[in-house]
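Data block below; observations after.
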Amino acid sequence: GIRDSSVTGVQTCALPILELIGGMNRSTGRVAGIYPEVKSPWLHHQAGLDLAVATLRILRDHGYTRRADPVFVQCFDPNETLRIRRELMPALGIDLRLIQLIAENDWDETFERGADGTWQPYDYRWMHEPDGMTRIAAYADGIGPWIPMVIADDPAGPRQIGRAHV
């Protein structure tokens with residue numbers, strides 16, 4: 001379950017920001033969206049924390065429950081993004097848009113448990129392969145690539161631009 005920050009030590013600015021955005025939307029008549037990121041879920045899971053559940057509950061409690069709502073939940077961890085899509089959102093009765101962030105392997109952006117039980121850097125190479133975007137499209141609504149992945153000096157062009165239109 002979710003524990004508050006007084007128990008976990010995890011601090012968040014989500015509530016004041018969501019209240020600010022809600023107030024701005026009401027006072028201006030415009031719609032400002034949000035783009036929260038579930039950061040380092042592998043690390044938080046090791047500490048017994050589930051940031052994805054906490055994030056989704058906060059979003060739900062602030063009225064973000066449908067694909068049409070102005071929110072995109074993003075994450076570098078493909079296993080967590082898939083878990084959010086297939087397990088967490090259905091369990092919470094919400095259906096939000098998900099963005100798979102794409103990293104390079106040398107960033108050590110996320111880790112997963114190896115066959116020997118140790119934590120190993122996640123291998124993002126499959127995302128850069130010809131069928132990578134099709135595989136991501138099975139669980140995410142969009143991608144968040146690093147800018148050189150879509151804009152390159154290489155005359156052959158960047159790797160992802162044509163593949164992203166699956």
Side-chain angles (χ1 to χ4, degrees), residues 1-104 107-110 122 124 127 132-152 158 160-166:
I2 300 304
R3 297 176 229 155
D4 68 29
S5 64
S6 64
V7 176
T8 65
V10 175
Q11 300 296 317
T12 180
C13 62
L15 299 177
I17 289 174
L18 290 174
E19 291 167 6
L20 174 67
I21 290 171
M24 287 177 16
N25 288 347
R26 285 187 297 279
S27 68
T28 65
R30 293 180 162 196
V31 177
I34 59 171
Y35 221 92
E37 180 181 347
V38 176
K39 300 219 35 110
S40 305
W42 62 274
L43 180 65
H44 294 95
H45 286 300
Q46 288 179 5
L49 303 173
D50 196 332
L51 292 186
V53 170
T55 301
L56 294 173
R57 283 185 179 165
I58 289 169
L59 292 171
R60 181 195 61 196
D61 293 349
H62 281 80
Y64 297 99
T65 60
R66 304 169 297 125
R67 282 187 174 283
D69 292 333
V71 59
F72 296 85
V73 178
Q74 60 182 338
C75 187
F76 275 105
D77 187 327
N79 296 320
E80 191 74 352
T81 307
L82 187 60
R83 177 175 166 257
I84 290 168
R85 169 68 70 214
R86 294 192 178 157
E87 296 173 28
L88 300 183
M89 288 199 302
L92 293 168
I94 61 176
D95 185 22
L96 303 174
R97 291 173 285 187
L98 289 176
I99 304 299
Q100 178 61 66
L101 299 176
I102 301 175
E104 296 288 354
W107 298 356
D108 289 338
E109 188 62 47
T110 198
Y122 187 84
Y124 285 91
M127 292 185 184
M133 294 298 103
T134 301
R135 291 172 59 191
I136 291 170
Y139 65 88
D141 299 295
I143 59 169
W146 181 37
I147 202 76
M149 293 175 186
V150 294
I151 299 173
Q160 304 298 357
I161 199 77
R163 298 180 196 150
H165 297 280
V166 177

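- Looking at residues two or more places apart in sequence or on another chain, you find no ring-ring contact (aromatic ring centres under 6.0 Å, His included) involving Phe76.
- With contacts defined as side-chain heavy-atom distances shorter than 4.5 Å, the pair Asp95/Arg85 qualifies.
- The distance from the CD1 atom of Ile143 to the CE atom of Met133 is 4.5 Å, given to the nearest 0.5 Å.
- Residues Asp141 and Arg67 are in side-chain contact: their nearest non-hydrogen atoms beyond the backbone lie under 4.5 Å apart.
- Residues meeting the salt bridge (Lys or Arg N to Asp or Glu O under 4.0 Å) test with Asp61, sequence neighbours left out: none.
- Side-chain contact between Arg57 and Leu88 is absent, with no heavy-atom pair separated by less than 4.5 Å.
- Minimum heavy-atom separation, Ile102 to Pro145: CB-CA, 4.3 Å.
- For the pair Leu82 and Tyr139, the tightest heavy-atom approach, listed with the atom from each and the gap, is CD1-CB, 3.4 Å.
- With sequence neighbours excluded, the residues that form a ring-ring contact (aromatic ring centres under 6.0 Å, His included) with Tyr35 are Phe72.
- The shortest distance between side-chain heavy atoms of Arg83 and Val38 does not fall below 4.5 Å.
- Across every non-hydrogen atom of Asp69 and Gly63, the tightest pair is OD2-O, 3.3 Å.
- Interatomic distance, CD1 of Ile94 versus CZ of Arg66, reported as 12.5 Å (0.5 Å rounding).
- In this structure, the side chains of Glu80 and Asp50 come closer than 4.5 Å at one or more pairs of heavy atoms.
- Here the shortest heavy-atom pairing between Leu56 and Leu92 reads CB-CD1, 3.5 Å.
- The two atoms that bring Met127 and Pro78 nearest to each other are CE-CG, 3.3 Å, heavy atoms only.
- Side-chain contact between Gln74 and Leu98 is absent, with no heavy atoms from C-beta onward closer than 4.5 Å.
- Between Thr65 and Arg60, the closest heavy-atom pair is CG2-CG, 3.9 Å.
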